[in-house]
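To keep things clear, I will list the structure first and then write my remarks on it.
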Amino acid sequence: MAPESPSIVILTGAGISKESGLDTFRDKDGIWSRVRLEDVATPAGFAADPRRVHGFYNARRRGLLDDAVRPNAAHRALAELEQGRPDDVLLVTQNIDNLHERAGQRNIIHMHGELLKARCAACGAVGECPDDLSVELACAACGGVGGMRPHVVWFGEMPLEMDRIYAALAACRLFLSIGTSGNVYPAAGFVAEARKVARAHTVELNLEPSEGASLFHEAIYGPASSVVPGYVAKLLDRD
């Protein structure tokens, strides 16, 4: 069970999973350079062509389940931090992959949903989904056909568990941002929230400065698999 008032809140983005073999979105060779987000990551895109949207996410789901895609040293380090300070850490991820869980993370919020789950647009039921989705698939809960969609937050939709996230930001003493561009709100605003409301120490661990780099008290730049384990080791050594 996640702590009610963690003193460390960690935000992760696509950059932490890139070294595990998953594509980022906003890099020059990222996903949005090859496909229009309006076509595959909006409610309107799904309404216009659900088969295309299912095909896009089915391909991503198969990619995530490839044996070559595994948690990297950054994922493992964050899980070790949680294990070392079990009542002190909440991880909020923008990622829809399950690499944090596979590394051992337990206190985690997927604010943008989860690729390996599906949701019924008719009844709202959410369930595990390791296989392809289609317009012909029936909901296991209500039996309706044609309403199944990826359990993913699309552009124009509200991210998940925002009340819980803001409550944690308001109480934290340390805010870490890892592998995120700082372009997508509301996540991009978390650092300002942690500084203003909680007066937390803010740290950016990233391959390069994010859009909000000036809001961080401390920054370390380099590959996530290098800088994250190093920073976590320092945190654990302070105990």
Side-chain angles (χ1 to χ4, degrees), residues 6-33 37 64 69-82 85 89-103 105 107-112 153 155 159 165-166 168-169 172-196 198-238:
S7 66
I8 301 173
V9 174
I10 303 165
L11 172 69
T12 64
I16 197 171
S17 295
K18 185 174 183 178
E19 291 178 76
S20 292
L22 296 181
D23 288 338
T24 59
F25 290 88
R26 295 181 180 274
D27 287 348
K28 63 180 180 180
D29 59 346
I31 291 171
W32 299 145
S33 71
L37 67 86
L64 175 58
V69 176
R70 300 176 182 178
N72 62 54
H75 296 105
R76 295 193 295 271
L78 294 178
E80 289 170 7
L81 178 61
E82 181 190 276
R85 301 177 65 165
V89 176
L90 175 65
L91 190 145
V92 180
T93 187
Q94 297 170 274
N95 298 336
I96 59 175
D97 63 61
N98 66 345
L99 295 177
H100 283 300
E101 287 90 341
R102 287 167 60 186
Q105 204 83 35
N107 298 332
I108 181 169
I109 294 174
H110 280 271
M111 64 178 292
H112 290 163
V153 175
F155 288 90
I165 292 170
Y166 280 119
L169 290 170
C172 72
R173 295 194 302 272
L174 174 64
F175 173 75
L176 304 180
S177 179
I178 302 168
T180 180
S181 66
N183 281 308
V184 179
Y185 285 83
F190 289 173
V191 58
E193 186 78 8
R195 283 190 64 146
K196 179 180 179 181
R199 299 187 182 278
H201 183 67
T202 57
V203 181
E204 176 166 82
L205 305 175
N206 218 8
L207 188 61
E208 58 188 14
S210 69
E211 289 294 317
S214 63
L215 294 173
F216 292 91
H217 294 105
E218 184 180 354
I220 303 173
Y221 298 118
S225 61
S226 174
V227 299
V228 175
Y231 195 84
V232 165
K234 292 179 182 179
L235 288 178
L236 292 175
D237 284 345
R238 292 174 191 167

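Worth knowing before you read on, the calculation uses all heavy atoms, side chains too, and leaves out hydrogens, waters and symmetry mates.
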**Prompt:** Hey, mind stepping through Leu99 and Ser20 against side-chain contact (heavy atoms from CB on, under 4.5 Å) and telling me if it holds?
**Reply:** CA-CA 9 Å; Leu99 295 177; Ser20 292; 3.6 Å; yes

How long is the straight-line distance from [atom2] of [Y] back to [atom1] of [X], given to the nearest 0.5 Å?
| X | Y | atom1 | atom2 | answer |
| --- | --- | --- | --- | --- |
| Ile16 | Ser177 | CD1 | OG | 10.0 Å |
| Ile109 | Leu11 | CD1 | CG | 11.0 Å |
| Arg76 | Arg102 | CZ | CZ | 11.5 Å |
| Phe155 | Leu37 | CZ | CG | 5.0 Å |

For the side chain of [X] and the backbone of [Y], is there at least one donor-acceptor N/O pair under 3.5 Å apart?
| X | Y | value |
| --- | --- | --- |
| Gln105 | Glu82 | no |
| Arg85 | Leu236 | no |
| Asn206 | Gly179 | yes |
| His112 | Gln94 | yes |
| Asn107 | Leu90 | no |

Asn72 and Ser225 side chains, donor-acceptor separation under 3.5 Å:
no

Got [X] and [Y] here, is their nearest side-chain heavy-atom distance under 4.5 Å?
| X | Y | result |
| --- | --- | --- |
| Leu78 | Ile178 | yes |
| Lys18 | Pro223 | no |
| Met111 | Val153 | no |
| Leu169 | Val92 | no |
| Glu193 | Pro186 | no |

By side-chain hydrogen bond (donor to acceptor under 3.5 Å, both in side chains), Thr12 pairs with (sequence neighbours left out) Thr93, His100

### Message
Working note: Phe190 + Val9, criterion side-chain contact (heavy atoms from CB on, under 4.5 Å); need CA distance, chi angles, decisive distance, verdict.
### Response
CA-CA 10 Å; Phe190 289 173; Val9 174; over 6 Å; no

Report task. Report the relative orientation of the aromatic rings in His217 and His201; use parallel for angles under 30°, tilted for 30 to 60°, perpendicular for over 60°. Result -> parallel

Could you tell me how the ring of Phe216 sits relative to the ring of Phe175: parallel (under 30°), tilted (30 to 60°) or perpendicular (over 60°)?
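It falls in the parallel class, under 30°.
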
Grab the two heavy atoms, one from [X] and one from [Y], that are nearest each other, plus how far apart they are.
| X | Y | result |
| --- | --- | --- |
| Leu207 | Tyr221 | O-CB, 3.9 Å |
| Ala224 | Pro229 | O-CD, 3.4 Å |
| Ala188 | Gly182 | CB-O, 3.4 Å |
| Ala213 | Glu204 | CB-OE1, 3.7 Å |

>> side-chain contact (heavy atoms from CB on, under 4.5 Å), that's the test. Do Leu235 and Leu174 meet it? Break it down for me.
In response: CA-CA 11 Å; Leu235 288 178; Leu174 174 64; 3.9 Å; yes

inquiry  = Quick one, Leu215 with Thr202, criterion side-chain contact (heavy atoms from CB on, under 4.5 Å). Give me CA distance, side-chain angles, the key distance, then yes/no.
reply    = CA-CA 8 Å; Leu215 294 173; Thr202 57; 5.9 Å; no

